[in-house]
Amino acid sequence: MEYQRTIAKPVSLEGKGVFTNKTIKIELYPLFENEGIIFERADLPDTPRIPLHIDYVIGAEGSTVLSDGKVSIYLIEHLLSALHGLGIDNLLIRVYGEEIPLFDGSALYFVRKIREAGFRILPAPRRKYRLLKAFSMENGKGRITFLPSRELRIKAKIEFSHPLIGTQECIYSHNPFHYLQEISFARTFGFKDLLEERKRKGILKGGDFSNAIVLDEEGILNPEGLRCKDEFVRHKVLDLMGDLYALGLPLVAEVQAEFSGHRLHIEALKSLYKAGLLEEFEERALTFLCILNKKRALF
Ligand SMILES: [Zn+2]
């Protein structure tokens, strides 16, 4: 039996919001089994809560947004990626502002803080979605395909006419150890000109080297360099892990994404959900706990 998990004790994080340039605090609290992932706008007078569900998620340009039509929380994707990667099923996320801080542009900081707090196993089987039928969606050059599978596998492909990127592909087979070692550290990236233009327009007030890889025409401007040569496509997998978790339950499927972004990911997930192609089931396989026992030192 694979059991649901939450964190063992509360976690507090604080960082700069890339859209607002404000320092924003977020707090993570354990929840009981079957409560799911719940966001709270803790800075607003009546502290409204929004449960993580595909109906409340919007795929925007460069960010995934949680919104119930009245209040919103921007940039939820990297935190969701960390929760998906580590297998956190139940969590209250109090956000003191309108966006999740970007930190270094990867999921590393969330992963570190959650692992420091530790995990609590809850007395209920993990609930997941299995895919009943293949499904594909296109949007210009972008395409995302979902195929039935016994495990979550992601194949991502990106293409940018930049000497450091070109065409990059990544095949990822999900378990928490692969997530830590292959995906969690990969930072988001942006082009210097675009960043400057968005800053001028007041959209990305806090965007700089500390929270993204910044590219110019030939190379990157970050003095520390890349964390690995294909960090760019690994970040695409990190984003997909976050966006897939917008369903509210982990999806077991093969996901092939080519030149895709948040908008296409979320639109495709909404369609899958509405078309009734997802079937909820309880995970009774032993695989995860076996791995957990073998590699307990990592957690
Ligand atoms: Zn991202």
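All ligand and atom numbering here is 1-based and tracks the order in the structure.
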Ring pair (Phe, Tyr, Trp, His ring centres under 6.0 Å) evaluation trace for Phe39 with Tyr56: CA-CA 11 Å; Phe39 284 82; Tyr56 300 133; over 10 Å; no

- request: Could you walk me through whether Phe259 and Leu264 pass the side chain to side chain contact (heavy atoms under 4.5 Å, CB included) test, one step at a time?
  value: CA-CA 10 Å; Phe259 323 123; Leu264 179 60; over 6 Å; no

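The Zn ion (ligand 1) has no N, O or S atom of Glu77 under 2.8 Å away, backbone or side chain.
Classification of the His84-His174 ring pair by plane angle, with boundaries at 30° and 60°, yields tilted.
With salt bridges taken as basic N to acidic carboxylate O contacts below 4.0 Å, one links Arg49 and Glu40.
Remark: at the Zn ion (ligand 1), atom NE2 from His78 and atom NE2 from His235 enclose 100°, rounded to the nearest 10 degrees.
The minimum distance between the Zn ion (ligand 1) and any N, O or S atom of Asp239 involves atom OD1.
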